[in-house]
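First comes the structure, then the notes that go with it.
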Amino acid sequence: VNADDARLVRRCLSGDGTAIGQLVSRFQGDVYGLCVRLLHHRQDAEDVTQEVFLRVFRSLEGWDSSRPLKPWVMSIAVNRCRTHMAQRSRRPECVDFLQETVASPPPDDSGELVREIRQALEGLRLEYRTVFVLFHEQGQGYEEIAQSLDRPVGTVKTWLHRARQELLDRLRKRGMLPPDEELTTLRLEAGTRRPE
Amino acid sequence: MNCPAWQQLLDDFPRGLPPGALEQHALGCSECAARQPELQALLLALPHLTPPELPAGLEDRITAAVLADHRNRSSFARRWGPVVALVAAASLLLVVVTWGWRPSSPTVPVRVPVVRNERPSLREVAQKARQAGERLIARAAVDTAEQAASLFPPVGPVSIEPNTGPALKPLRETADEVRAGMAPVTTSARRAVNLFLRDLPLGLKPG
């Protein structure tokens with residue numbers, strides 16, 4: 001894969017339009033998906049996705065060809081999202097933006113629980129949300145996520161565990177899962193059962 | 001939720017879980033057995049967390065933006081590259097001339113008798129600066145000529161055949177005509193110089 005990546009990057013650096021299109025096509029889904037989930041705003045996500053690719057191509061010469069390309073691209077995406085969120089927090093939010101983020105969930109969701117998970121995700125810390133989306137939505141492995149976030153694998157595992165925990169808590173509070181008291185009863189009952 | 005086996009199940013989740021994996025595990029784990037309904041719900045919901053659909057034409061827009069940026073940066077580098085190099089070289093030259101040439105100290109200390117004229121004299125420095133300036137100007141001239149040449153289409157060799165026939169007009173007559181044509185200009189220039197000399201407090205008489 002690295003050899004393919006290196007070849008593609010070399011063609012991109014020489015200004016080959018087809019290669020640039022290929023690189024965009026290969027990563028745009030993951031980059032845009034992450035931007036939508038982190039920014040909760042499709043238009044902003046589109047803008048940031050474009051910014052991410054501009055930055056990718058501007059700094060392509062600095063890419064270390066001994067490392068895979070995808071985590072490098074995703075790390076730029078995570079950093080751009082962070083910067084965009086910081087800039088947005090300094091700007092006054094307009095009413096349209098709030099309506100879009102709260103009232104209209106993405107149209108690709110199916111099922112109430114999935115919708116609830118999406119909403120609960122929005123309340124998580126940025127790091128938890130990022131690892132959750134990369135792991136469960138994009139199917140990336142721990143190693144890949146760790147490289148994207150420039151964090152040890154252990155940290156990524158911890159963040160993912162906490163993300164799931166908080167998610168379950170939030171779902172329980174919203175009545176999507178049985179409350180804790182019932183679980184305690186169930187646990188006591190289950191403790192008395194013996195496997196056959 | 002802290003059950004390591006359950007964590008392992010979730011870790012394997014992107015690669016796909018075998019059917020009934022949770023139920024199998026819950027048979028021997030009281031904590032997971034108690035939480036089985038919610039864990040089951042979560043396991044059922046997670047595969048439906050799919051990435052959002054891409055907006056139509058996003059790829060084309062991004063590719064076009066990247067290509068435009070690539071072209072802009074290339075033309076900027078082509079246009080301003082020599083200028084930046086020239087400014088950098090001039091700055092370097094200025095630093096060298098200002099501070100003088102200071103050779104780095106040798107790693108092995110050698111006892112050398114102190115010579116008073118160890119540093120280059122002002123004349124040498126000026127000469128070096130002049131030579132460097134000449135080289136710089138020559139290089140800039142070559143660059144400029146190359147850039148100018150790239151603006152015009154290539155032209156093949158032009159053969160000029162000398163006119164061996166008789167002259168159309170005698171040389172003296174041509175010179176008189178040129179002088180007559182320049183007369184208004186030279187008269188004005190002479191008048192201006194006379195006025196200038198008259199105003200100078202040197203006592204010079206206008207010619």
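Proteins get letters first, then strands, A, B, ... in listed order; numbering begins at 1 in each. What you see is a predicted model, and the numbers here were worked out from it, not measured in a lab.
- Ranking Phe57(A), Tyr32(A), Phe53(A) against chain B, the residue ahead of the rest is Tyr32(A), based on heavy-atom pairs under 4.5 Å.
- Of all the listed residues (Thr63(B), Leu58(B), Val66(B), Leu46(B)), the one sharing the greatest number of non-hydrogen pairs under 4.5 Å with chain A is Val66(B).
- Neither the backbone nor the side chain of Phe27(A) comes within contact range of chain B, judged by heavy atoms closer than 4.5 Å.
- Side chain of Arg80(A) to main chain of Thr49(A): no donor-acceptor pair is present (N/O by atom type, distance under 3.5 Å, no hydrogens or angles).
- Contacts of Leu60(A) with chain B are absent, with no heavy-atom separation under 4.5 Å from either backbone or side chain.
- To the nearest 0.5 angstrom, Arg88(A) atom CZ is 9.5 Å from Cys81(A) atom SG.
- Asp64(A) and Ser66(A) form a side-chain donor-acceptor contact under 3.5 Å, judged by distance and modelled atom types alone.
- Relative ring orientation between Tyr142(A) and Phe135(A) is described as parallel, the plane-to-plane angle staying below 30° on a 0-90° scale split at 30° and 60°.
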